[in-house]
There are 6 protein chains.
Amino acid sequence: MDIDLDAPGRQVGSVRFAHSLDNDAWGADLVPIISIRGGDGPVVLAEAGNHGDEYEGMITLLELARSIDPATLRGQLILLPAVNAPAARAGRRCSPVDGLNYNRCFPGDFHGTLSRQIAAFLYHGLMPRADIFLDLHSGGSSLEIMPSNTVEVAEDPAQTRANLDGAQAFGASHAVFVNNLGEPRTATAAASRRGLVTIGTEMMGGGFVSPEALATCKRGVRNVLMHFGLIDGVPERAGDPVVLTVDRSDAYHLAPHAGVFERRVPLGTEVEAGALLGLLHDVFAPMTEPTELRAAFAGTVYALRHPAHAEAGNCCIVLAEAGGPV
Amino acid sequence: MDIDLDAPGRQVGSVRFAHSLDNDAWGADLVPIISIRGGDGPVVLAEAGNHGDEYEGMITLLELARSIDPATLRGQLILLPAVNAPAARAGRRCSPVDGLNYNRCFPGDFHGTLSRQIAAFLYHGLMPRADIFLDLHSGGSSLEIMPSNTVEVAEDPAQTRANLDGAQAFGASHAVFVNNLGEPRTATAAASRRGLVTIGTEMMGGGFVSPEALATCKRGVRNVLMHFGLIDGVPERAGDPVVLTVDRSDAYHLAPHAGVFERRVPLGTEVEAGALLGLLHDVFAPMTEPTELRAAFAGTVYALRHPAHAEAGNCCIVLAEAGGPV
Amino acid sequence: MDIDLDAPGRQVGSVRFAHSLDNDAWGADLVPIISIRGGDGPVVLAEAGNHGDEYEGMITLLELARSIDPATLRGQLILLPAVNAPAARAGRRCSPVDGLNYNRCFPGDFHGTLSRQIAAFLYHGLMPRADIFLDLHSGGSSLEIMPSNTVEVAEDPAQTRANLDGAQAFGASHAVFVNNLGEPRTATAAASRRGLVTIGTEMMGGGFVSPEALATCKRGVRNVLMHFGLIDGVPERAGDPVVLTVDRSDAYHLAPHAGVFERRVPLGTEVEAGALLGLLHDVFAPMTEPTELRAAFAGTVYALRHPAHAEAGNCCIVLAEAGGPV
Amino acid sequence: MDIDLDAPGRQVGSVRFAHSLDNDAWGADLVPIISIRGGDGPVVLAEAGNHGDEYEGMITLLELARSIDPATLRGQLILLPAVNAPAARAGRRCSPVDGLNYNRCFPGDFHGTLSRQIAAFLYHGLMPRADIFLDLHSGGSSLEIMPSNTVEVAEDPAQTRANLDGAQAFGASHAVFVNNLGEPRTATAAASRRGLVTIGTEMMGGGFVSPEALATCKRGVRNVLMHFGLIDGVPERAGDPVVLTVDRSDAYHLAPHAGVFERRVPLGTEVEAGALLGLLHDVFAPMTEPTELRAAFAGTVYALRHPAHAEAGNCCIVLAEAGGPV
Amino acid sequence: MDIDLDAPGRQVGSVRFAHSLDNDAWGADLVPIISIRGGDGPVVLAEAGNHGDEYEGMITLLELARSIDPATLRGQLILLPAVNAPAARAGRRCSPVDGLNYNRCFPGDFHGTLSRQIAAFLYHGLMPRADIFLDLHSGGSSLEIMPSNTVEVAEDPAQTRANLDGAQAFGASHAVFVNNLGEPRTATAAASRRGLVTIGTEMMGGGFVSPEALATCKRGVRNVLMHFGLIDGVPERAGDPVVLTVDRSDAYHLAPHAGVFERRVPLGTEVEAGALLGLLHDVFAPMTEPTELRAAFAGTVYALRHPAHAEAGNCCIVLAEAGGPV
Amino acid sequence: MDIDLDAPGRQVGSVRFAHSLDNDAWGADLVPIISIRGGDGPVVLAEAGNHGDEYEGMITLLELARSIDPATLRGQLILLPAVNAPAARAGRRCSPVDGLNYNRCFPGDFHGTLSRQIAAFLYHGLMPRADIFLDLHSGGSSLEIMPSNTVEVAEDPAQTRANLDGAQAFGASHAVFVNNLGEPRTATAAASRRGLVTIGTEMMGGGFVSPEALATCKRGVRNVLMHFGLIDGVPERAGDPVVLTVDRSDAYHLAPHAGVFERRVPLGTEVEAGALLGLLHDVFAPMTEPTELRAAFAGTVYALRHPAHAEAGNCCIVLAEAGGPV
């Protein structure tokens, strides 16, 4: 790392991860990092580009890096606007360097492939310094997700409650408990286990920048900084979020065969069990009626596959249920 | 081809294009084809999947193939719902078989690579039979385009006028003269040169199925069949389309460098020269302000880059001007 | 898994293995599974497609899945006709998803790549339920192997004896002790360690379906079900199998250089030490006599390289010795 | 070319085809060539490795190159045992350099990609010197073909007759008129147009070396040399060949969908129209009965797909009809 | 093109070549171009990056683009410092877009792949405006070439003489007639046919920037501008160049097999026929003595393979002979 | 392994590493090995081709394998001239089989991918037999490194001292303590931990064979054999080496952006802090002055990037400081 996190003011540089490639024996992968350190106060660690095709958080952190005045900041911001740098460079979910999903790499390994090295650096190098962790996701190229906060469930209900409070501080319209079917290797699961107030987002997706989701994301991050006292100002929020949960395997409605996916409901729709959610057309069997994808249970349409092109097993629709564990 | 285009009624099959590959010396690529032949009347040749990631037309033609009753049809429908079959199988714009853009392959070559063979089959085998040509595009994975008809400009103003009349028969809200900077190798340019009434569409895009554009596309194709007398019914249309033209090189606003593209105007916006249309963020230079993309001239926002990820030279915004040549 | 293994009757579905890819963030790889549960009796777990280019077992299990009547079955069949689903989809030995040989992945890892996840599911999720394990291999694209049973050697001779009895119940003409030079990571080694009666096969190969080997495979699996009392009937067998062993490193006759491999002996031939087994021709050195591949010891020709094209180190001939450890 | 075709005796070298690659700006692809020139007599041009995965001819020509004594030869042999050198190096049908099927490249182009350059060299540089052309094919990795001669149909029946006489001189059990649905770009079509006695073979295939087909190929080539007087000896033949023809599009029985192909008839079987020739199993739809592939007309099973793995459109069975044009 | 070549002063922009890719339907490849137009005088067209891994000319033209004052220039400079832009972006000889060697693409084709489009633009769009053509090559990644001028031989000896005069004006120590064995498709062959004074260079290579060759290149280009009167100054030259010729096929000493190439003579050495020039070591046959590469004729060592790794057919050494055609 | 390391005299063969690939189920990767065993004396284990594009050591060991007479040798040589055989076959730094850098794979894993298997074989199979370890590196394709010995720092200063003495025995002009920023997974770090006298080299690089470095390497290895008494003779050395150290992160001067790297100082130059070491040119921004790369501290230019083409993060210059830990 070519900046000093203990130095006051704004430091801009990068973290070096040594590699050794055919065309560069002794070089490094560079992950951009910005530290803005002001007076006493909490330390907020924020990453975007956990997946390289999720952009609202990147733009939000870039703007923050340029606009926050260290002279008036109480505490410290440590910002990684493109934490999964090779994926962000390529505009892809997973790292083209090792093919891994960085968000399944925690707690990481300094001797592992690049994604694991970055995770280890976050886990061992940055999270111990921080009080609050922001992991700014969108749906990525393959999914559109209802702009919302995600909330980690912790073993200790107090931690879960703190995470939900963080989401409420951010102030998206929905706060969704998503545990990825019990997955412990995500950045937010790791941060929550370490005791940081852990705040996630899903900000639309589809591989493009949604103007509405971007505005929500910018506002939410500033809300968090205000809430925890790092900057002055009155958070903009519209009441408490609706709380939802995704924790059933059959919430994920998968394509039973390859085809062209046609959505039949918009994000946020509340549906009954058995409702028609989408069609799957087989262009190479013109006389065959399209396959109907129907709701496995009553819930809210939380995510939709973005690309029409689908292979067998691809996730087409995700339903969330009302309520949460706390 | 394993169906007989001269046979009455509904014929469903495929056209075989011989190939010779490492793992299949004597097999064929199969392009699905449907003929529905009724009583006397004009012959409508319709293709979708010219680009394999443009779906509204595919679904429209599949539904048509199943629902039109040959007993009441006046004339013939020849439908190719996935004309660029390898691209449609892969959900990609260009053919994974030869890397070519089928829509730059006309008049084709029976001894060329697959895309050229398919073009030659359309040009020499199907277009001579047809009176009307429908080429149903959407914007594809990389572009969102204002749902609209495209209109070919011909040397003979009467042909241009016939093409515009066709667009009016289809009935999208806008009819746009797009000549791809004089490109003669498209399917529509070829059909228009052959004297067919040539009707193109752009139906949103972004690689997903837009419910609104799909409805427009289904309605428009039936409007055309009614207009030319193949089926009964009253076309649904909302008055004459707004006529626009894209024929300037600087209509295409390209990314001057790699970055994250943030659109700042929606499709269909009328803008002044110099108006801010989008930003290009360099995530790896956090202190650098984003590059502004501004309108080269006054016009209507006709197309927007869908993916935020952009390389230098990628097309980010296309402006159309009011009016047309006829 | 979308079926219930405890439910009676025939259940057909798939096991879901979560992945997270650029084009499908929240989808799954699907492995087909069939459970047929009848009255009391032993549980037979059978997999085919351990390698994706070995087909006789796949066809055998598909037919079994459709034809066995749960009403008359004593015990349960758990069938995975394409256990290494990505490899079977591609018709390749190794998984195109992670490049791994599934048969070197046991006991597996639920947090590993897909092949390791599937192995973990078999090892921890299915083998504990089962009494008998059938792993139906053929030689795959690169080898032709004498149709035969393979037998695992266990630390406990009683287990080894049980495995050999299983092979005799299957009833191929040969039962061959193959330990892959002590390899502990195969499916059969894992099942045998768990105490299941473990029955393997090699059913020709070369990437095609051998009608004779297919008949042997279908008959053998039914013989096993009869032998263990799951179905009625009299096993068809022609006496005890010839017992052979492959456990020497020099049993594998490798190509010393690249060339065109010409076999000079058919499968099953008994040869003396030093006998000519094949030639290796260098097409780019026309004046050079072909290299002779000669038997390292006296034995039976157990396997032959199928493709003529060989690189240095490729396995061309495998010899087995008479007899076995029990 | 680093040998002199006008020189007497045995010359062994290679033909250089200039390329210009990232890692070799000024080097060449090398195609091995052997000239054996004796006394007066006809010139026989023989190529193998037209497709790089067809081996019987390669071995035959290598042996010929080493064993023919120029002192007793009447005429000249020009031998290219690996004419499509990059494909032969890789053991693949098509050239890995340009992806082309060399056998669709005639008459070639000295300024085209490598396969076209080689074809041009044969067409313009070697065929004008030759009286007889031998093109020694097998079925390649994807097909098994009944060992037989192939015969070109020419516009002039006398040329067709000469080609058939050449096949009879070779002496395989069958002589098959195969015109690849009218394809003019093959090596044999080009040679026949130039007036050479043109003799083709198909010698099994499947990517391996068939001992029986190899013996047939070696014997046949020597038969030809005896027949045309280049060497002494009595041809070994078993009477006149059975004459067959493949010239219908529906002779090629293609897979209607992806699956595992199980052959149900051996090569050479005479079948009635409608006879069951093979099954196509869908491993991922266990409850679905396999698709039956049935004979389109009465004929002889001339070729079978070798790999069980099949994609939609892959050629599974080819039927030949009795008789021929002369 | 977004600059106007007729405008006075310094214009900096790019030429757009429309493409149509999966991820960018309507964008363009951008080739940088600079025009510096002063008072009356000749037009010099200069390109570097004809091959993307040849750097001395790129740096020379960049420096020229920034330093030449249009106010004092007599005539016009049209500079393309990275004419083969995709190759230059990748640092590769050939274009990664179409795999072609741009220097085998003249006269080009506006409807061909990108390399052919760029060639057509040079040939039809720029060469007609120019009097003098500078094509600044180095040896590229695979070759080291004696820093020198290359000279085109024209049908008309006066043109050949003019080209040689141009080389003398440039003033490298050697002027080498290189005709690439009669190749007509190079940029310099095309320019010379059009009657431009055509000046080529080879400036070391090996994929790195040679400080000495860079100095030679910068000096030479300024010498040319002085010689033809575009700028003031006295050319720096050390007498007339030594004239050499490369026009024999056996000048190119190719690797007869794969191995590690060890050069045994430096560039510029004068050698006798039969002299040892290099060794080829087979690391996988340790007991085999290395193959000796010996001079085919007496000459000067003009070029050496840079990478030690060599495949059969790779060019290892090029010899030039003394003298030239004029 | 097909040779016996305990046998006297010269044994030449290979080590087999079982793999299981789509096209070779039961073959092996072969790593060449030579044992020369004479009378009593120390055992020297020497490897080259740790990286497959570093050639001076390969040639040195090949020559040694052929020229050392076991009758006069005191002790044993175990030579692996291409230890990373797949990388050496491809002429690449990293293994094309698993993409790994073998020199980050120690202590290895017999169940890991190929590079880890080879490392485990060295670590567990060969190092326990040896007294002295020679690891003969050059800079590889991407770096030129001052011909020199590298010295491992051990926890025990006596081991460090022994390693430095080994370097002095070898006798390059410089001995450089390089710890790869604390990397424990290299071959030399592993050997030193095992207590072997561990001698490394860097012998130029750039992907070619440097005649001067090759001579240094051959002389140095023989010097070591003389020094430790295996062969007779008087070492050729020019006094004690200059001792340098590379152990700071900022010794590695990385490219801050993509561009064309122009070196401005030769290897071995002593520079002041802030001295200009190189330029980075952006060919696509012609009006932008090149970026200057300046020395982070006073030192000696130890390594330079060889290819001019550089991506952000690529290592361009490495500086060493005077002195060392012992």
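Predicted, not measured: the structure shown is a model, and the values here were computed from it.
At a 4.5 Å heavy-atom cutoff, the contact between A:Asn314 and chain C is made by backbone and side-chain atoms alike. No part of A:Glu311 comes within reach of chain C, as not one of its non-hydrogen atoms sits under 4.5 angstrom from that chain. Interface remark: A:Ala87 contributes no atoms to any contact with chain C (heavy atom separation under 4.5 Å). With a 4.5 angstrom heavy-atom cutoff, A:Asn103 does not touch chain C via any of its atoms.
In terms of heavy-atom proximity, C:Asp22 sits nearest to A:Cys94 at OD1-N, 2.8 Å. Across every non-hydrogen atom of A:Arg185 and C:His111, the tightest pair is NH1-O, 3.0 Å. Listed here is the closest heavy atom pair of C:Arg16 and A:Ser249: NH1-O, 3.3 Å.
Taking a 6.0 Å sphere around CG of C:Asp6, one finds it holds more than 12 heavy atoms contributed by other residues, nucleotides or ligands.
Ring planes of C:Trp26 and A:Tyr252: perpendicular class, angle over 60° (limits at 30 and 60°).
Between the side chain of A:Arg104 and the main chain of C:Ser20, no donor-acceptor pair closer than 3.5 Å is present.
Distance check, rounded to the nearest 0.5 Å: CZ of A:Arg92 to CG of C:Leu21 gives 10.0 Å. Atom NE2 of A:His309 is separated from atom CG of C:Asp24 by 10.5 Å, given to the nearest 0.5 angstrom.
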